[in-house]
There are 2 protein chains.
Amino acid sequence: MNINSLFKKGNFDLQKTKSEKYNNILNSAGHVFAEYGFHKATISQIASQAGVADGTLYLYFKNKDDILLQYLNFKSDSVFSRMRAAVEAGKNAEDKLRRLIRCHLSEFQNDKDMAVIFRSEVRHFRDIETQIKDISKMYLELLSEIIEQGQIEGTMRQDLFAALAKRYILGGVENVISSWVFAGSRYDLESLADPLVDLFLTGIRG
Amino acid sequence: MNINSLFKKGNFDLQKTKSEKYNNILNSAGHVFAEYGFHKATISQIASQAGVADGTLYLYFKNKDDILLQYLNFKSDSVFSRMRAAVEAGKNAEDKLRRLIRCHLSEFQNDKDMAVIFRSEVRHFRDIETQIKDISKMYLELLSEIIEQGQIEGTMRQDLFAALAKRYILGGVENVISSWVFAGSRYDLESLADPLVDLFLTGIRG
DNA sequence: TAAAATCATGAATAGAAATTCATTATTCAA
DNA sequence: TTGAATAATGAATTTCTATTCATGATTTTA
């Protein structure tokens with residue numbers, strides 16, 4: 001795995017035009033990765049899931065790593081743009097936080113493959129972790145903005161250890177998603193957004 | 001990987017007496033797993049790190065999976081017994097929570113290999129996730145007790161969505177550890193315990 | 001001390017799966 | 001319509017590494 005994986009052979013057009021087959025393979029890969037994990041998933045499984053021959057994957061992707069990489073990039077981009085839109089729609093810091101968390105939970109609830117894959121596989125890409133648009137990183141930036149605004153508005157404490165507050169919000173949401181996945185995604189995730197934000201805001205002290 | 005991995009060949013004595021070599025291999029495996037990840041780590045790397053021949057690993061462990069499994073079991077047990085002791089030393093719920101978080105951060109700060117491995121590899125053991133003594137599960141039980149006690153004492157809100165509160169505390173701590181690992185473990189982790197608990201208790205609202 | 005039992009070795013084996021590429025099918029342009 | 005260009009195929013190749021096991025070293029026992 002190296003950074004060159006980012007650049008595929010001769011399929012730039014396909015990517016731009018979002019070729020049917022390209023997206024099909026990406027989605028199929030998502031299913032298979034989510035079910036078996038990146039390392040146990042095989043090219044043959046992905047190909048078969050996509051209804052194409054093994055060799056066909058190599059017309060669209062440089063190698064197996066590249067498939068995961070592009071999957072993560074694609075999902076990061078689309079989720080994050082929706083998150084940013086959600087935040088922008090909020091009137092004040094608290095409202096923005098609520099919309100962000102709700103969007104986050106909703107996006108992952110609606111794409112369980114993605115939830116499973118983000119929960120684990122991202123970690124293995126230590127080498128290129130800084131190269132891909134890491135959703136965590138963008139997320140923390142969004143949270144920074146919200147917290148700063150909240151402090152200006154006077155609705156969030158001035159003495160906040162912001163770096164820590166960001167981590168604990170993100171961690172809380174991720175852990176809630178994680179346990180939803182682990183529990184077989186049987187309950188409604190999005191409806192946990194408001195209770196969760198209430199906890200973030202007011203803490204557990206009686 | 002299957003549940004039989006739990007039972008090794010003929011080395012029950014070795015385990016009981018904590019044979020030098022057994023522990024040596026386990027530690028070496030920890031280093032290698034932490035550096036390369038379970039799947040990319042090879043038996044040869046572990047053997048070489050431990051200063052033994054490849055075949056020797058199979059005298060002490062059933063297979064590669066078994067090495068990780070025993071590593072996780074060993075670490076879970078030892079960390080958790082210290083966590084429980086920390087909690088028991090607390091006088092009231094809030095004190096217990098502080099001690100737990102401090103212990104958690106301190107344990108992981110003092111064993112970075114473990115921190116890295118728990119951060120990622122545990123996820124791949126979906127099949128046996130319920131079999132191993134998952135530190136998260138035990139942790140959540142500890143938190144349950146603390147929250148219940150806090151509610152009885154009146155220092156924690158009666159209307160807490162406890163299942164959520166537990167998740168968000170664990171998530172917060174894990175995410176703080178995660179970013180400490182990611183940042184190259186350059187700062188003091190344990191000293192974040194009190195600020196973090198303050199956040200849990202009082203939230204971010206101004 | 002010497003035979004037996006145990007432990008360790010690492011080259012050889014075996015199996016799995018990623019990747020390639022000669023061949024075939026399809027699409028496109030004139 | 002037909003030849004060229006492009007896309008797809010999947011069997012064969014290559015690579016990689018977990019695991020085995022015949023051999024040798026060491027320790028134990030009597």
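First the proteins, then the strands, lettered A, B, ... as listed; each starts at 1.
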J.: Hydrogens and angles aside, do B:N175 and A:E174 bring a side-chain donor and acceptor to less than 3.5 Å of each other?
T.: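 Yes, A:E174 and B:N175 have a side-chain donor paired with an acceptor closer than 3.5 Å.
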J.: Closest-nucleotide mapping onto DNA chain C: is B:A53 or A:G55 further toward the 5' terminus? I mean the 5' end.
T.: B:A53
J.: Measure the distance from CG on A:D54 to P on C:dA18 and round it to the nearest whole Å.
T.: 9 Å
J.: So B:T56, base contact, sugar-phosphate only, or nothing? Heavy-atom distance under 4.0 Å.
T.: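 Touches a base.
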J.: Measure CD1/A:I43 against P/D:dT14 and give the value in whole Å, please.
T.: 19 Å
J.: Taking only side-chain nitrogens and oxygens of A:K21, does any of them come within less than 4.0 Å of OP1 or OP2 of D:dA8?
T.: yes
J.: Figure out the NZ/P separation between A:K62 and C:dT20, and round it to whole Å.
T.: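 Interatomic distance, NZ of A:K62 to P of C:dT20: 8 Å.
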J.: Rounded to the nearest angstrom, tell me the gap between atom CZ in A:F61 and atom C1' in D:dA8.
T.: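 For the pair A:F61 CZ and D:dA8 C1', the rounded distance is 15 Å.
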J.: Taking only the side-chain heavy atoms of A:Y58 (C-beta and beyond), determine which of C:dT19, D:dA18, C:dT9 contains the nearest atom.
T.: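 Closest nucleotide among those given: C:dT19.
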J.: Using whole Å, what does the distance between atom C1' of nucleotide D:dT19 and atom CD1 of B:I67 come to?
T.: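 So the CD1-C1' distance, B:I67 to D:dT19, works out to 11 Å.
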J.: So, A:D198 and B:R205, do they make that salt bridge, N to O below 4.0 Å?
T.: no
J.: At less than 4.0 Å, is any side-chain N or O atom of B:Y60 found next to OP1 or OP2 of C:dA8? Yes or no.
T.: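 Yes, B:Y60 has a side-chain N/O under 4.0 Å of OP1/OP2 on C:dA8.
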J.: To the nearest Å, give me how far apart CD1 (A:I46) and C1' (C:dA17) are.
T.: 12 Å
J.: Any salt bridge linking A:E107 with A:R82? Criterion: basic side-chain nitrogen under 4.0 Å from a carboxylate oxygen.
T.: yes
J.: For the pair made of CD in A:E20 and P in D:dA7, what is the distance, rounded to whole Å?
T.: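 Atom CD in A:E20 sits about 15 Å away from atom P in D:dA7.
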J.: Can you say whether the rings of B:Y139 and B:H104 are parallel (under 30°), tilted (30 to 60°) or perpendicular (over 60°)?
T.: perpendicular
J.: Between D:dA18, C:dT9, C:dT19, spot the one nearest the side chain of A:K64, thanks.
T.: C:dT19
J.: Just how far, in rounded Å, is P of C:dA18 from NE2 of A:H39?
T.: 10 Å
J.: For B:F80, is the NZ or CZ atom of B:K137 found under 6.0 angstrom from the centre of its six-membered ring and inside 45 degrees of the ring axis?
T.: no
